[in-house]
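Worksheet: one structure, shown below.
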Amino acid sequence: MSSAPPAGLPHVDAMTPAVLVLPGPVTRDEVPRLCEDVRARLMSSRAGVLVCDVAGLGPPGLTTVDALARMQLAARRAGGRIRLRDPDPALRALLGLVGIPFEVEGQPEQREPPLRVEEAVEPGDPAL
């Protein structure tokens with residue numbers, strides 16, 4: 001005996017990542033609270049990713065890099081990861097310089113070609 005499929009769209013559980021906004025320069029005293037916040041947000045959302053909006057951080061320094069590294073470690077220990085939103089180019093360069101990889105929102109994932117890439121056509125190439 002068979003039954004008809006349920007009417008309507010199938011139930012989809014959309015997992016929207018939580019967002020943590022860092023509004024200004026981060027001090028060393030704030031790092032333990034931020035790490036606890038990262039763990040709590042990852043545990044409450046099932047997305048496994050926490051988006052960290054770093055647009056308002058201002059000029060980056062080693063304190064910022066240290067805070068982000070500790071937050072990433074806390075996220076990994078909680079079974080998730082951090083994705084940066086709107087990082088300053090100087091912050092990205094500093095993170096790359098010290099060797100701390102971060103996923104950046106809007107950046108294509110590794111081994112995935114960027115969208116809307118067109119190959120150059122040489123004069124004299126046959127038309128397809």
Side-chain angles (χ1 to χ4, degrees):
M1 191 160 136
S2 65
S3 62
L9 296 173
H11 176 69
V12 178
D13 185 19
M15 292 193 225
T16 305
V19 178
L20 174 65
V21 178
L22 299 178
V26 179
T27 64
R28 288 182 186 250
D29 296 336
E30 294 175 299
V31 173
R33 180 189 54 82
L34 289 171
C35 291
E36 185 55 41
D37 200 11
V38 165
R39 279 190 289 273
R41 287 176 189 240
L42 281 171
M43 295 301 206
S44 67
S45 79
R46 296 181 310 187
V49 176
L50 175 69
V51 175
C52 190
D53 190 335
V54 294
L57 281 180
L62 291 179
T63 304
T64 302
V65 170
D66 179 55
L68 288 172
R70 290 177 188 276
M71 290 166 60
Q72 180 76 290
L73 182 60
R76 298 271 184 202
R77 288 180 177 165
R81 65 185 190 280
I82 291 179
R83 181 181 304 145
L84 299 181
R85 175 182 287 168
D86 219 8
D88 186 83
L91 177 60
R92 289 182 71 180
L94 191 55
L95 289 169
L97 182 66
V98 297
I100 302 174
F102 271 93
E103 189 177 321
V104 176
E105 217 174 41
Q107 178 182 11
E109 292 185 21
Q110 195 173 19
R111 288 184 262 139
E112 192 175 303
L115 300 175
R116 299 183 189 167
V117 173
E118 296 181 18
E119 294 183 20
V121 178
E122 296 291 325
D125 279 351
L128 298 176

From CD (Glu105) to CZ (Arg83), nearest 0.5 Å: 6.0 Å
Same apolar cluster (I L V M F W Y, side chains within < 4.5 Å links), Val65/Leu20: yes
Co-members of the apolar cluster containing Val21 [side chain, <4.5 Å]: Val19, Val51
Heavy-atom check, side chain of Leu91 versus side chain of Leu68, under 4.5 Å: yes
Closest approach of Pro17 to Ala47 (non-hydrogen atoms, all atoms of both residues): CA-CB, 3.8 Å
Side chain to side chain contact (heavy atoms under 4.5 Å, CB included) involving Ala75 - partner list, sequence neighbours excluded: Val38, Leu42, Gln72, Ile82
Non-hydrogen side-chain atoms of Thr64 and Leu94 separated by less than 4.5 Å: no
Test side chain to side chain contact (heavy atoms under 4.5 Å, CB included) applied to Arg77 - qualifying residues, sequence neighbours left out: Leu73
Partners passing side-chain hydrogen bond (donor to acceptor under 3.5 Å, both in side chains) against Asp53 (at least two apart in sequence or in another chain): none
Qualifying residues under side-chain hydrogen bond (donor to acceptor under 3.5 Å, both in side chains), relative to Arg70, sequence neighbours excluded: Asp66
Ala69: side chain to side chain contact (heavy atoms under 4.5 Å, CB included) partners, not counting sequence neighbours: Ile100
Summary of side-chain hydrogen bond (donor to acceptor under 3.5 Å, both in side chains) pairs that have at least one residue in residues 20-30, sequence neighbours excluded: Thr27-Glu30
Closest non-hydrogen atom pair, Ala67 against Val31: CB-CG2, 3.7 Å
Residues forming a salt bridge (charged side-chain N to carboxylate O under 4.0 Å, His left out) with Asp37, sequence neighbours excluded: Arg41
Common cluster, Leu34/Phe102, ILVMFWY with side-chain heavy-atom separation under 4.5 Å: yes
